[in-house]
Peer 1: 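Please read through the structure below; I'll follow up with questions.
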Amino acid sequence: CYVSPSVLCQHLTHWSALQALDAWEQACAAIEKREEVLVELQSFEEAASDPARFFARGHLGSSVARLEEAKQRDKLHQALDQRGQEVSQIIRKIFSQYGDQVSYNGRFYQEKMSYDRTEMLYWLQQERRKEVLKPAIRTLHIELPPI
């Protein structure tokens, strides 16, 4: 059996393209899973980082509730770390084998992962600050720029 070099090259190129596509599909699936955990963490932090919870009555204001929050927060951070490691491994593979950079909404995803938690907490704080300032803004008849 003889296979010409050009036919062999076409098959290898096709095989390589399929492998690259598979790697990108793995990256997309891993990123989706990580982003789902990040959304879950953000939803949790919206409630669990609200300072008003310290003044709540009953179980919500108790130290037991703070311990439950800490356990839930740790669980979410561990899940986010695990998903991040999976994504990093795939991103490194894509870069080393194909020279491609994985980006998400215009940002390199590896870089985005390193800032996600800080940015999430920052924007939650900005939303709280905006809510606290609303009465003063109405009284002074001024408008804040959008966040």
Side-chain angles (χ1 to χ4, degrees), residues 8-147:
L8 184 61
C9 186
Q10 287 175 347
H11 285 294
L12 290 175
T13 301
H14 179 70
W15 178 251
S16 180
L18 288 175
Q19 288 177 319
L21 181 60
D22 184 53
W24 274 96
E25 286 176 347
Q26 288 176 14
C28 289
I31 287 171
E32 280 181 357
K33 288 178 184 177
R34 185 181 180 277
E35 289 295 315
E36 288 170 2
V37 174
L38 189 61
V39 166
E40 192 176 344
L41 178 62
Q42 182 173 349
S43 295
F44 170 78
E45 288 294 351
E46 284 175 6
S49 65
D50 182 4
R53 74 191 193 285
F54 291 114
F55 306 105
R57 293 182 184 257
H59 177 73
L60 293 177
S62 71
S63 59
V64 173
R66 301 296 79 74
L67 289 172
E68 290 169 357
E69 285 174 8
K71 286 179 185 177
Q72 181 66 16
R73 185 177 285 114
D74 286 345
K75 179 180 170 188
L76 289 168
H77 280 278
Q78 286 175 359
L80 192 62
D81 289 341
Q82 180 183 1
R83 297 290 187 217
Q85 289 171 0
E86 293 167 5
V87 170
S88 291
Q89 183 179 8
I90 296 168
I91 287 174
R92 283 192 300 273
K93 175 184 172 185
I94 288 173
F95 183 74
S96 69
Q97 291 183 355
Y98 309 107
D100 292 339
Q101 290 276 356
V102 176
S103 63
Y104 185 86
N105 291 335
R107 290 175 69 187
F108 292 128
Y109 199 75
Q110 191 70 39
E111 179 183 320
K112 178 190 177 303
M113 287 193 303
S114 65
Y115 294 107
D116 274 345
R117 294 173 206 203
T118 304
E119 289 176 356
M120 175 194 61
L121 293 173
Y122 172 80
W123 289 112
L124 286 173
Q125 180 63 29
Q126 293 305 313
E127 286 296 323
R128 281 200 188 89
R129 187 174 286 155
K130 181 179 170 183
E131 291 301 314
V132 168
L133 292 175
K134 272 186 181 180
I137 293 168
R138 283 190 206 114
T139 303
L140 298 173
H141 305 290
I142 59 174
E143 191 171 313
L144 289 177
I147 295 179

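Not measured: the values here are computed from a predicted model. Residue numbers count from 1 along this sequence.
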Peer 1: Any non-hydrogen side-chain atom of Y109 less than 4.5 Å from a side-chain atom of K112?
Peer 2: yes
Peer 1: If you take all heavy atoms of M113 and S88, which pair is closest and at what distance?
Peer 2: CE-OG, 3.2 Å
Peer 1: Take Y104 and Q110 through the test side-chain contact (heavy atoms from CB on, under 4.5 Å) and record every step on the way to the result.
Peer 2: CA-CA 9 Å; Y104 185 86; Q110 191 70 39; over 6 Å; no
Peer 1: Got D100 and W24 here, is their nearest side-chain heavy-atom distance under 4.5 Å?
Peer 2: yes
Peer 1: Taking the side chain as C-beta and beyond, is there a heavy-atom pair between L80 and E40 under 4.5 Å?
Peer 2: no
Peer 1: Any luck finding a side-chain donor-acceptor pair between D22 and Q26 under 3.5 Å?
Peer 2: yes
Peer 1: R117 pairs by side-chain hydrogen bond (donor to acceptor under 3.5 Å, both in side chains) with which of Q42, H77, E45?
Peer 2: H77
Peer 1: Grab the two heavy atoms, one from V37 and one from A79, that are nearest each other, plus how far apart they are.
Peer 2: CG1-CB, 4.0 Å
Peer 1: Salt bridge between E69 and K75, side-chain N to carboxylate O under 4.0 Å?
Peer 2: no
Peer 1: State, yes or no, whether a side-chain contact exists between R34 and Q82 at a heavy-atom distance under 4.5 Å.
Peer 2: no
Peer 1: Could you go through I31 and V102, starting from their C-alpha distance and side-chain angles, then the distance that decides it, and tell me whether this counts as side-chain contact (heavy atoms from CB on, under 4.5 Å)?
Peer 2: CA-CA 10 Å; I31 287 171; V102 176; 3.6 Å; yes
Peer 1: Output the distance between atom CG (L38) and atom CD (E119), rounded to the nearest 0.5 Å.
Peer 2: 10.0 Å
Peer 1: Using the side-chain contact (heavy atoms from CB on, under 4.5 Å) rule, take E86 and R83 through it: C-alpha gap first, then chi angles, then the decisive distance, then the call.
Peer 2: CA-CA 5 Å; E86 293 167 5; R83 297 290 187 217; 3.4 Å; yes
Peer 1: Once you round to the nearest 0.5 Å, how far does OG of S96 lie from CD1 of I91?
Peer 2: 12.0 Å
Peer 1: More than 12 non-hydrogen atoms from neighbouring residues, nucleotides or ligands closer than 6.0 Å to NZ on K33, yes or no?
Peer 2: no
Peer 1: Count the heavy atoms belonging to other residues, nucleotides or ligands that lie under 6.0 Å from CD of Q89, then report whether that count exceeds 12.
Peer 2: no
Peer 1: With Q101, which residues qualify under side-chain contact (heavy atoms from CB on, under 4.5 Å), at least two apart?
Peer 2: F95, F108
Peer 1: Can you tell me how far apart CE (M120) and OG (S43) are? Round to the nearest 0.5 Å.
Peer 2: 10.0 Å
Peer 1: About how many Å separate CZ of F44 and CD of Q72, when rounded to the nearest 0.5 Å?
Peer 2: 5.5 Å
Peer 1: Can you see which heavy atom on A30 is nearest to which on I90, and at what distance?
Peer 2: CB-CD1, 3.8 Å
Peer 1: If you compare all heavy atoms of Y98 against all heavy atoms of A20, which two are closest, and at what distance to 0.1 Å?
Peer 2: OH-N, 3.4 Å
Peer 1: Check whether any side-chain N or O of R128 sits under 3.5 Å from a backbone N or O of E46 as a donor-acceptor pair, and report yes or no.
Peer 2: yes
Peer 1: Less than 4.5 Å apart, side chain to side chain, heavy atoms only: is that true for E35 and V39?
Peer 2: no
Peer 1: Tell me whether the count of non-hydrogen atoms from other residues, nucleotides or ligands lying under 6.0 Å of OH in Y115 goes above 12.
Peer 2: no
Peer 1: For a quick test of reading the model, state the closest non-hydrogen atom pair linking A27 to I94 and the distance between them.
Peer 2: CB-CD1, 3.7 Å
